[in-house]
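From a predicted model like this one, the values you see are computed outputs, not experimental measurements. Computed from heavy atoms alone, side chains included, the values below leave out hydrogens, waters and symmetry copies.
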Amino acid sequence: MARTEILSGLVVALALIPEAISFSIIAGVDPSVGLFASFTMAVVIAIAGGRPAMISAATGAIALVVAPLTREYGLGYLIATVILGGLVQIVLGALGVAKLMRFVPRSVMVGFVNALAILIFMAQVPELIDVPWIVYPLVAAALALMVFLPRLTKVVPAPLISIAALTALTIGAGLAVPSVGDRGELPSALPVPGLPDVPFTVDTLILIAPYAVGFALVGLMESLMTAKLVDDLTDTRSSKTRESIGQGIANIVTGFFGGMGGCAMIGQTMINVRNGARTRLSTFTAGAMLMVLCIVFGPLVSQIPMAALVAVMILVSFGTFDWHSVAPATLKRMPAGEIGVMVITVAVVVATHNLAIGVVVGSLTGLVIFARRVAHLANVTACLDPEGGQVVYAVTGELFFASTNDLVSQFDYAGDPDDVVIDLTDAHIWDASSVAALDAVEAKYAARGKTVQIIGLNPPSARMHGSLSGELSGSH
């Protein structure tokens, strides 16, 4: 329903304002730079993106990447980096980088979600320290409204009613509590397109290129992980390639309009999806309403108490966390390696405040554990011909660099008869290391004047063995 999409987009727009201002501060730029980025990112991605209902805007991860550059060289170089980063994202999207998502294990996804929930919650804690005592009952009241109101009616999203009620209460009662306006001045006009204020030289390109690549990778990883999460939540599929290219287009547009760039926002996306939004209309509404709220209703929006938005984000963090993953019954059944990967992902993300680093470390840990597990699945069993003229070695399992380390030592080169058969019917050759190991076995038998026959290769294994056998030793 259009009403659900529009109202959800409005809630997201309200939640975006203080966050965009906060991320602007992290990046070392004026609040309007973050707000403009959130406006252009959301509006453009609603058209160009691949995942409906996902919210893209200025984010903390992007702010952390560009902060050192902005601090040292200024806003012009930040804008140039955003535009170049967008171009890199389009290239990576066209090259199919989105397909790498299939290599992210489920335990990393769970760790990513749980770490994200922890980060969202941690980001609210400073808003509850050194504040007037009245802030605490206001947060509690907002949480109670959002928990219990949906049981009575879902016509209007509970977070929107909560924000409106607390704003009316604080204004009406004249309560002096931290508000959105305390974060920074809201823009009073739409952004104007222009070129970044930098010298267009090779030196500039060399300077911003590393930041642009980091910007592109962090933005894509966070966006693709968020898209995958929303796919799972909504039981729908989305084009990750289109999303990658769309993120690039949105960042290029954002750069030309003087924004700090951005990517998918998991917190705001979760608000949107939990409120029932499923289409691009909610994303477009969030971006458009953000500017309307700032420019037309700026004075009123500035008076929204931070307590209301903190309550919304606390509820989002609890809703985001996968509580089933840490239930004792689940932990009892889950393999220790998978629990380890989840814990490592959470720990790295929380320690670095960077979701991309956590996902990379978690995925690499998962791959190492998988390789160690599979490495033990390759077995060699010998069967001697009753007449003693031939021995057949049956090799079973997956043959790759980790599992073939011990392969060469499992044959009796001195004691075997002259005719040796290696049966690979129940095995699969995956890489050059396996072919090299089989070549080494043949060479050791040949040195003793014995012949080796390899049988049972499946077609892919036969092709790899045929093209590489005898070519890997460097002695030919």
Side-chain angles (χ1 to χ4, degrees), residues 4-26 31 34-39 41-43 45-46 53-61 63 116-117 119-128 138-139 142-143 145-147 149 156-167 170 178-184 186 226 230 262-277 282-294 297-298 300-320:
T4 301
E5 304 291 325
I6 292 168
L7 290 174
S8 184
L10 177 57
V11 175
V12 171
L14 289 166
L16 276 174
I17 292 172
E19 294 226 342
I21 296 172
S22 297
F23 299 146
S24 299
I25 294 165
I26 292 169
L35 289 163
F36 287 157
S38 296
F39 161 58
M41 285 294 297
V43 169
I45 207 70
M54 194 164 82
I55 305 296
S56 290
T59 61
L116 200 57
L119 287 184
I120 292 170
F121 184 82
M122 285 171 60
Q124 311 315 310
V125 173
E127 305 294 339
L128 300 172
L138 285 174
V139 170
L143 286 170
L145 263 175
M146 288 185 287
V147 170
L149 195 62
V156 180
L160 186 57
I161 294 175
S162 177
I163 291 167
L166 258 68
T167 304
T170 52
S179 65
V180 170
D182 297 334
R183 289 300 186 85
L186 302 181
T226 305
V230 179
C263 61
M265 293 193 81
I266 185 78
Q268 272 64 24
T269 298
M270 292 301 289
I271 292 173
N272 202 35
V273 172
R274 300 281 187 206
N275 283 337
S282 58
T283 309
F284 183 88
T285 302
M289 285 305 299
L290 175 65
M291 279 295 103
V292 170
L293 288 168
C294 289
F297 301 103
L300 178 61
V301 171
S302 294
Q303 295 185 69
I304 293 174
M306 285 302 298
L309 298 172
V310 166
V312 171
M313 297 311 289
I314 287 174
L315 204 64
V316 166
S317 72
F318 273 83
T320 301

Starting from the C-alpha separation in whole Å, work towards a yes-or-no answer on side chain to side chain contact (heavy atoms under 4.5 Å, CB included) for Met313 and Ile271.
CA-CA 8 Å; Met313 297 311 289; Ile271 292 173; 3.8 Å; yes

| After noting the C-alpha distance and the side-chain angles of Phe23 and Met265, does the key distance pass the side chain to side chain contact (heavy atoms under 4.5 Å, CB included) rule? | CA-CA 12 Å; Phe23 299 146; Met265 293 193 81; 3.5 Å; yes

Given side chain to side chain contact (heavy atoms under 4.5 Å, CB included), test Leu166 with Ile304 step by step and report yes or no. CA-CA 8 Å; Leu166 258 68; Ile304 293 174; over 6 Å; no

query = Checking side chain to side chain contact (heavy atoms under 4.5 Å, CB included) for the pair Leu35/Ser24: CA distance, chi angles, key distance, verdict?
reply = CA-CA 8 Å; Leu35 289 163; Ser24 299; 5.9 Å; no

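Considering every non-hydrogen atom in both Ala42 and Thr283, the closest pair reads O-CG2, 3.5 Å. In terms of heavy atoms, Leu186 sits closest to Gly298 at CD1-O, 3.8 Å. Closest non-hydrogen pair, Ala13 versus Met289, comes out as CB-CB, 3.9 Å. Here the shortest heavy-atom pairing between Ala142 and Ala311 reads CB-CB, 3.4 Å. Among all heavy-atom pairs drawn from Ala53 and Val273, the shortest one is O-CG2, 4.4 Å.
Proximity of a side-chain donor or acceptor of Ser179 to a complementary backbone N or O of Gln303 within less than 3.5 Å is not detected. Judged by distance alone, the side chain of Ser162 and the main-chain N or O of Ala158 form no donor-acceptor pair under 3.5 Å. Ser282 places no side-chain N or O within donor-acceptor distance of the main-chain N or O of Gly9, the cut-off being under 3.5 Å. Not one N or O on the side chain of Ser8 forms a donor-acceptor pair closer than 3.5 Å with the backbone of Glu5.
With sequence neighbours excluded, the residues satisfying side-chain contact (heavy atoms from CB on, under 4.5 Å) with Phe297 are Val292, Leu293, Val301. Under the side chain to side chain donor-acceptor pair (under 3.5 Å) criterion, Asn275 pairs with no residue at all, not counting sequence neighbours. Residues satisfying the side-chain contact (heavy atoms from CB on, under 4.5 Å) test with Ile161, not counting sequence neighbours, are Leu149, Val156. Residues passing the side chain to side chain donor-acceptor pair (under 3.5 Å) test with Thr269, sequence neighbours excluded: none. In this structure Ser317 satisfies the side-chain contact (heavy atoms from CB on, under 4.5 Å) test together with Ile120, Phe121, sequence neighbours excluded. Partners of Gln268 according to the side chain to side chain donor-acceptor pair (under 3.5 Å) rule, which considers only residues two or more places apart in sequence or in another chain, do not exist here.
Considering CG of Asn272 and OG1 of Thr4, their distance stands at 10.5 Å, rounded to 0.5 Å. How far CG of Leu138 is from CE of Met306: 13.0 Å, rounded to the nearest 0.5 Å. With rounding to the nearest 0.5 Å, the separation of CG in Leu14 from CG in Leu160 is 6.5 Å. Distance check: Leu315 CG to Met146 CE gives 5.0 Å after rounding to the nearest 0.5 Å. From Thr285, atom OG1 reaches atom CD1 of Ile6 across 5.0 Å, with rounding to the nearest 0.5 Å. Here the CG atom belonging to Leu16 is positioned 10.5 Å from the CG atom belonging to Leu309, to the nearest 0.5 angstrom.
Side-chain contact check for Thr226 versus Met54: some heavy-atom pair is nearer than 4.5 Å. Using a 4.5 Å heavy-atom threshold, the side chains of Ile266 and Thr59 count as separate.
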